[in-house]
**Student:** 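Mind looking over this structure? Questions follow.
Naming convention: chains lettered A, B, ... in sequence-line order (proteins, then strands); numbering from 1 in each chain.
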Amino acid sequence: MENIEQRSKQLAKTYEPNEVENRIYRFWMEGGYFHAVPNSGKKPYTIVIPPPNITGQLHMGHALDNTLQDILIRWRRMQGFEALWMPGTDHASIATEAKIVEAMAKEGISKEDIGREGFLKRAWEWKETYGSRIINQLKKMGSSCDWERERFTMDEGCSKAVREVFVRLYEKGLIYRGERIINWCTHCRTSISDAEVEFEEKEATFYHLRYPLTDGSGYLELATTRPETMLGDTAVAVHPDDERYAHLIGKNVILPIVNKEIPIISDTYVEMDFGTGVVKITPAHDPNDFEVGLRHNLPVVTVIDEGGIMNEFAGKYSGMTIMECRKEIVKELEEQGWLVKTEPLKHNVGSCYRCRTVIEPRISMQWFVKMEPLAGPATEAVKNRYTRFVPERFEKVYFHWLENIRDWCISRQLWWGHRIPAWYCQDCGYVTVGRDDPSVCENCGSSDIKQDEDTLDTWFSSALWPFSTLGWPDKTPELDYFYPTNTLVTGYDIIFFWVVRMMFSGLEHTGKVPFDTVFIHGLVRDAQGQKMSKSLGNGIDPLEIIEQYGADALRFTLAAGNSPGNDMRFTTEKAEASRNFANKLWNAARFILMNIGDNKVELGLPDKLELEDKWIASRFNSVAAEITENLEKFELGIAVQKLHDFIWDNFCDWYIELCKSRLQGENASGGRQVLVFVMTGTLKMLHPFMPFITEEIWQTLPHEGEALMISPWPEYDTALDFPEEEREMERIMEAIRAIRNRRAEMNVPPSKKAPVYIETAFIPTFERGAVFFEKLAWASEIKVGSGFELDRAISIVTADATIKIPMDELVDKDAERSRLTREKEAVKKRLDGVMARLNNKAFTSKAPADVVNTAKENAARLNEKLTLLEQSLLNL
RNA sequence: GGGCGCAUAGCUCAGCCGGUUAGAGCGCUUGCUUCACACGCAAGAGGUCGGGGAUUCGAGUUCCUCUGCGCCCACCA
């Protein structure tokens with residue numbers, strides 16, 4: 001307390017976030033306030049962080065995601081929950097491996113040069129160097145994660161969970177290995193899952209080719225966008241019902257250039273209306289053709305290798321890239337007369353979501369998770385409301401995806417990741433899969449076994465994140481207490497990648513849903529509404545915003561702009577407005593501190609409350625109730641907006657102003673007490689949104705407890721409910737606004753004070769409020785009563801009072817008359833509207849009582865105002 | 001081919017269960033060296049809530065339909 005004066009002197013005129021933020025964050029860390037422990041006697045509330053990639057740098061998406069999580073976790077912590085925000089990072093196999101390979105390339109080293117061991121050593125070093133970068137950036141945001149529990153998807157515990165899950169699923173027959181056609185990225189040189197393929201409509205050329213019938217009776221015309229794959233054609237297909245070709249089914253055609261006989265088959269996969277109704281079948285390089293090939297037992301001829309180069313089966317084209325080969329083939333087909341025509345065609349092309357390289361469907365031996373048995377429970381859990389989405393519409397997306405799900409290809413031809421725990425016996429061929437690394441074949445005992453070279457899809461480990469981080473598969477107190485977690489906060493763009501997989505994994509392995517609520521947010525876009533991206537270079541760096549405006553301003557901007565599930569635009573103008581708000585708050589605190597001076601301030605409200613005290617207390621109270629409700633409903637944007645309005649409008653623009661004269665007089669201590677009470681209470685509610693500045697101010701003001709971040713959340717208190725005083729204050733405020741309005745219209749400067757005569761039926765109210773008119777309505781003198789006889793005065797009419805201000809030289813009776821008449825007409829028009837409703841039997845009989853009552857009160861007020869206006873006109 | 005979202009003040013967006021005179025920030029206009037704050041104060045202008053129809057005592061809000069943007073999913077080569 002003794003340092004308040006000292007502190008208040010230190011308070012700069014404008015808030016300087018940078019120094020404050022680092023100091024406050026350290027203070028929280030030293031206090032251990034972020035740490036949550038099991039079985040504390042409190043109810044748990046848990047959020048697991050979507051683990052950022054170790055390659056990552058904080059971008060606006062992270063900033064939004066983490067702001068929302070921190071708001072929720074701080075709020076729940078203050079509400080008295082044992083709030084755990086579980087942090088960590090993801091190894092991000094493809095992205096990380098690509099980065100390391102890239103870095104090595106600069107040194108002229110390739111993966112093969114240093115081998116698997118050497119590569120992994122480098123990768124871990126890389127992780128040690130860069131893995132903490134994103135974590136430090138999250139700290140700059142103010143994130144109150146339990147850093148003592150920080151995890152990594154490839155740490156010992158997570159790896160153990162991954163191994164356990166793999167073995168369990170394998171033993172249940174839900175993981176299998178097989179030769180399938182999968183999505184192959186020729187750049188990353190690995191398979192990727194269906195979810196990792198991004199489709200984009202592209203302009204292509206549709207080549208119409210003709211293949212001659214072997215019996216010499218003619219040709220079969222077909223069309224393709226990929227002529228180079230004809231080298232791997234093993235059939236042509238038509239629809240069984242297609243009369244045009246029915247007589248040809250079973251006959252053969254000669255594959256041009258290759259000069260090989262291939263059969264004409266029929267399959268319902270062929271669309272009769274599309275192209276010529278004839279499709280060339282290349283089982284090795286097209287997923288549909290692969291299926292057709294299976295149905296018809298067609299041979300598979302692979303002509304493209306894993307690097308996107310034509311292989312030895314491509315004959316003379318061997319060694320060419322796909323595009324080179326296409327060019328050559330088309331040229332040759334044309335020369336030989338097999339090319340009928342070309343036409344432009346728009347069609348969907350899949351590309352790798354990491355590197356944008358066109359996906360090459362490719363047959364290879366891979367590991368898969370059988371999805372059908374897992375998808376059912378995941379669907380049911382949401383249908384039965386064990387987990388819900390906010391906003392709800394995303395459930396539809398979730399269901400749809402699960403309904404159409406195909407088996408998940410989980411093996412990756414990468415080194416950085418969890419290596420597949422399968423060992424192949426070189427003698428008997430048996431596959432040994434186990435929790436511990438085997439030294440011999442489980443089947444024949446041979447010691448000549450080799451581990452699978454592949455690693456698992458990154459998402460395989462992230463899918464376990466909600467429980468692997470809590471200790472699963474061990475039965476830990478953490479798992480028991482914090483699991484299932486409560487809220488999962490993420491963007492709609494990773495529902496498929498992550499949310500779905502956590503859902504079915506959680507259900508399969510723990511028997512419980514991993515979280516009760518999935519809170520979905522949208523993308524942060526730039527000022528033009530474009531997606532922020534590296535290639536466009538339009539990204540706004542959150543760290544720069546923090547540097548310039550402060551972390552609180554960044555958070556406020558993101559929170560205020562959040563409407564569940566919707567995208568938002570980020571502009572520096574918004575950040576600036578948020579910074580201004582922080583400064584407003586800062587100065588309100590400065591004002592209070594200056595007025596406290598050396599005085600001791602008792603905590604809590606004073607015994608005797610003035611009218612304005614009851615008004616602000618009552619407003620504060622309803623705001624507390626509303627905001628809590630908004631937060632419960634995940635309406636964070638609305639909540640923070642309400643706080644903003646309360647602080648700026650009610651507290652700063654009115655209450656502080658109302659207090660000013662009182663703070664100079666006898667009753668100053670009560671005012672100081674109320675100021676501190678409302679300010680600290682408001683700081684509590686604002687804290688989850690703007691943690692740094694609120695903590696800093698709170699520490700400076702008289703307070704109870706060691707930190708704002710662990711002080712109790714304000715609750716609605718019936719003792720603070722003063723509806724009558726709120727109405728009274730409204731009457732006074734309306735009168736003050738009306739006077740200000742009139743004076744502004746007449747261009748009367750504040751320096752020109754004038755007496756104010758108030759004629760009203762609410763004499764006690766206005767007598768109590770009289771003092772406010774001096775400062776806020778520039779009154780030189782106030783009289784409250786009735787029947788004031790004033791010769792040259794302007795009249796200002798509210799529903800509750802007629803205010804007269806003598807201003808000889810400024811009064812123009814004609815202007816007054818026309819103004820009052822205009823106002824009268826406006827009031828009359830509105831009154832007519834209300835009366836029309838009240839005279840409508842259908843309205844009075846069908847509308848609920850409170851709506852009818854409001855209308856009646858309204859009519860009464862309008863009536864009153866109309867009467868007052870008419871009187872003023874008569875008295876002119 | 002399915003599904004979803006958005007369309008409200010000059011700009012960016014709120015607006016929950018339908019219910020007084022539709023809000024905020026920025027911008028704009030006018031005035032203000034008011035002893036917390038010009039990153040401020042006071043006052044103000046600005047909206048037939050995309051078009052049409054329906055339900056209702058009452059619709060920005062519900063339903064249908066149309067238009068325009070945007071997104072997601074899907075194996076017509």
**Student:** If you assign each of Gly561(A) and Trp778(A) to its closest nucleotide in RNA chain B, which residue comes earlier from the 5' end?
**Tutor:**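 It is Gly561(A) whose nearest nucleotide is closer to the 5' end.
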**Student:** Take the protein atom CG of Leu345(A) and the nucleotide atom P of A77(B), then report the distance between them rounded to whole Å.
**Tutor:**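 Roughly 7 Å, once rounded to whole Å.
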**Student:** Could you measure between the two C1' atoms, the one in U61(B) and the one in G70(B), and give it in whole Å?
**Tutor:**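 Straight-line distance between the two C1' atoms is 23 Å.
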**Student:** Let's test this: given Watson-Crick or G-U wobble pairing with both distances under 3.5 Å, identify the partner of U34(B).
**Tutor:**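 None - no nucleotide pairs with U34(B), as no candidate has both distances under 3.5 Å.
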**Student:** With the side chain of His644(A) defined as its heavy atoms from C-beta on, choose the nearest nucleotide among G25(B), A74(B), A77(B).
**Tutor:**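 Within the option list, the nearest is G25(B).
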**Student:** Round to a whole Å and report the spacing from OH of Tyr269(A) to C1' of A74(B).
**Tutor:**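 So the OH-C1' distance, Tyr269(A) to A74(B), works out to 13 Å.
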**Student:** Under 3.5 Å for both donor-acceptor distances, Watson-Crick or wobble: does U12(B) have a partner, and if so which one?
**Tutor:** A24(B)
**Student:** Looking only at the side chain of Lys584(A) (C-beta and beyond, no hydrogens), which of the listed nucleotides C39(B), G40(B), G5(B) gets closest?
**Tutor:**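 Of C39(B), G40(B), G5(B), G40(B) is nearest to the side chain of Lys584(A).
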**Student:** Is any N or O donor-acceptor pair between the side chain of Arg590(A) and the base of C37(B) shorter than 3.5 Å?
**Tutor:** no
**Student:** Does Arg740(A) make a side-chain N or O approach to OP1 or OP2 of A43(B) shorter than 4.0 Å?
**Tutor:** yes
**Student:** Counting the benzene-type ring for Trp, do Phe206(A) and Phe274(A) have ring centres under 6.0 Å apart?
**Tutor:**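 Between Phe274(A) and Phe206(A), which both carry aromatic rings, the centre distance is below 6.0 Å.
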**Student:** Whole-Å distance between C32(B) P and Met746(A) CE?
**Tutor:**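 Distance, rounded to whole Å: 16 Å.
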**Student:** Between Arg569(A) and C13(B), is there a contact of a side-chain N or O with OP1 or OP2 at under 4.0 Å?
**Tutor:**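 Checking Arg569(A) against C13(B): at least one side-chain N or O falls below 4.0 Å of OP1 or OP2.
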**Student:** Going by the side chain to side chain contact (heavy atoms under 4.5 Å, CB included) test, name the single residue among Leu220(A), Ile264(A), Val270(A) that passes it with Tyr245(A).
**Tutor:**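 In the set Leu220(A), Ile264(A), Val270(A), the residue that makes a side chain to side chain contact (heavy atoms under 4.5 Å, CB included) with Tyr245(A) is Leu220(A).
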**Student:** Would you call Thr229(A) and Asp286(A) a side-chain contact if the rule is heavy atoms closer than 4.5 Å?
**Tutor:**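 Of all side-chain heavy-atom pairs linking Asp286(A) with Thr229(A), none is under 4.5 Å.
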**Student:** If we take the P atom in both C73(B) and C13(B), what is their distance in whole Å?
**Tutor:** 23 Å
**Student:** So which nucleotide from U21(B), G19(B), A36(B) ends up closest to the side chain of Met594(A)?
**Tutor:** A36(B)
**Student:** Does Arg579(A) count as lying over the ring of Tyr549(A), i.e. NZ or CZ under 6.0 Å from the six-ring centre, within 45 degrees of the axis?
**Tutor:**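 No cation-pi geometry.
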**Student:** Calculate, to the nearest 0.5 Å, the distance between atoms OG1 and CG belonging to Thr342(A) and Leu209(A) respectively.
**Tutor:**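 That separation rounds to 10.5 Å.
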**Student:** Checking base pairs now: Watson-Crick or wobble, both atom distances under 3.5 Å. What partners C71(B)?
**Tutor:**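 Partner of C71(B): G3(B).
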**Student:** If you look at every strand shown and take non-hydrogen atoms under 4.0 Å, does Asp289(A) touch a base, only sugar-phosphate, or nothing?
**Tutor:**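 Contact class for Asp289(A): none.
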**Student:** Which whole-number value in Å describes the distance from Glu228(A) CD to A77(B) P?
**Tutor:** 15 Å
**Student:** Just to confirm, is there a sub-4.0 Å distance from OP1 or OP2 of G58(B) to any side-chain nitrogen or oxygen of Asn840(A)?
**Tutor:** no
**Student:** To the nearest angstrom, how far is Asn587(A) atom CG from A38(B) atom C1'?
**Tutor:**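 Computing the Asn587(A):CG to A38(B):C1' distance gives 11 Å.
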**Student:** For Thr557(A) and Ser578(A), does a side-chain donor sit closer than 3.5 Å to a side-chain acceptor?
**Tutor:**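 Yes.
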**Student:** Check the pair Glu774(A) / Lys660(A) against salt bridge (Lys or Arg N to Asp or Glu O under 4.0 Å), numbers first and verdict last.
**Tutor:** CA-CA 11 Å; Glu774(A) 286 174 17; Lys660(A) 279 184 176 169; over 6 Å; no
**Student:** Does the structure show a Watson-Crick or G-U wobble partner for A59(B), both distances under 3.5 Å? Name it, or say none.
**Tutor:**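 No nucleotide pairs with A59(B).
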**Student:** Nearest to the side chain of Lys775(A) - C37(B), C35(B), G44(B)?
**Tutor:**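 Looking only at heavy atoms from C-beta outward on Lys775(A), the closest nucleotide is C35(B).
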**Student:** In whole angstrom, give me the gap between the C1' atoms of A59(B) and U8(B).
**Tutor:**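 To the nearest whole Å, 14 Å.
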**Student:** Hey, is the side chain of Glu657(A) pairing donor to acceptor with the base of A42(B) inside 3.5 Å?
**Tutor:** no
**Student:** Quote, to the nearest angstrom, the C1' distance that separates G23(B) from G60(B).
**Tutor:** 12 Å
**Student:** Please state whether the phosphate of A36(B), meaning OP1 or OP2, lies under 4.0 angstrom from any side-chain nitrogen or oxygen of Lys660(A).
**Tutor:**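 Checking A36(B) against Lys660(A), a side-chain N or O does come within under 4.0 Å of OP1 or OP2.
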**Student:** Can you tell me which nucleotide in A77(B), C72(B), C39(B) comes closest to the side chain of Phe496(A)?
**Tutor:** C72(B)
**Student:** Taking 4.0 Å as the cut-off, does a side-chain nitrogen or oxygen of Asn566(A) come that near to OP1 or OP2 on A14(B)?
**Tutor:**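 It does, given that an N or O in the side chain of Asn566(A) lies less than 4.0 Å from OP1 or OP2 of A14(B).
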**Student:** G18(B) pairs with which nucleotide, Watson-Crick or G-U wobble, both distances below 3.5 Å?
**Tutor:**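 Pair assignment: G18(B) / none.
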**Student:** Taking only side-chain N and O atoms of Lys13(A), does any of them lie within less than 4.0 angstrom of OP1 or OP2 on A38(B)?
**Tutor:**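 Yes, such a contact exists.
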**Student:** Would you say G40(B) has OP1 or OP2 under 4.0 Å from some side-chain N or O of Asn580(A)?
**Tutor:**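 Result: yes.
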**Student:** Could you work out the separation of A14(B) and C6(B) based on their C1' atoms and round it to a whole Å?
**Tutor:**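 Roughly 14 Å separates the two C1' atoms.
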**Student:** Is Phe646(A) close to Thr682(A) at the side-chain level, that is, under 4.5 Å between some pair of heavy atoms?
**Tutor:** yes
**Student:** Would you say Lys396(A) places a side-chain N or O within less than 4.0 Å of OP1 or OP2 belonging to C4(B)?
**Tutor:**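 The answer is yes; a side-chain N or O of Lys396(A) sits under 4.0 Å from OP1 or OP2.
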**Student:** Do Phe689(A) and Phe581(A) pass the ring pair (Phe, Tyr, Trp, His ring centres under 6.0 Å) test, and can you show the C-alpha distance, the side-chain angles, and the key distance before you say yes or no?
**Tutor:** CA-CA 12 Å; Phe689(A) 303 92; Phe581(A) 174 58; over 10 Å; no
**Student:** Taking atom P of G31(B) as reference, at what distance in whole Å does atom CD of Glu745(A) sit?
**Tutor:** 15 Å
**Student:** Would you classify Ser563(A) as touching base, sugar-phosphate or nothing, given that sugar-phosphate means primed atoms plus P, OP1 and OP2, and contacts are heavy atoms under 4.0 Å?
**Tutor:** sugar-phosphate
**Student:** Under 3.5 Å, is there an N or O donor on one side and an acceptor on the other linking the side chain of Lys574(A) and the base of A24(B)?
**Tutor:** no
**Student:** Would you measure the distance from the C1' atom in G31(B) across to the matching atom in G68(B) and give it in whole Å?
**Tutor:**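 43 Å, rounded to whole Å.
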**Student:** Using atom NE2 of His239(A) as one end and atom C1' of C76(B) as the other, report the distance to the nearest whole Å.
**Tutor:**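 So the NE2-C1' distance, His239(A) to C76(B), works out to 13 Å.
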**Student:** So if I take every side-chain heavy atom of Thr854(A) and compare against C39(B), G25(B), U20(B), which nucleotide ends up nearest?
**Tutor:** U20(B)
**Student:** Under 4.0 Å, counting only non-hydrogen atoms across every strand here, what does Ile656(A) touch: a base, just sugar-phosphate, or nothing?
**Tutor:** base
**Student:** Consider the side chain of Phe591(A), meaning its heavy atoms from C-beta on, and name the nucleotide among A36(B), C26(B), A77(B) that approaches it most closely.
**Tutor:** A36(B)
**Student:** Taking a pair as Watson-Crick or G-U wobble with both distances under 3.5 Å, which nucleotide is matched to C49(B)?
**Tutor:** none
**Student:** Return no unless some side-chain N or O of Trp648(A) is found under 4.0 Å from OP1 or OP2 of C41(B).
**Tutor:** yes
**Student:** Which residue lies toward the 5' end of RNA chain B, Arg393(A) or Cys652(A), if each is placed at its nearest nucleotide?
**Tutor:**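 The residue mapped nearer the 5' terminus is Arg393(A).
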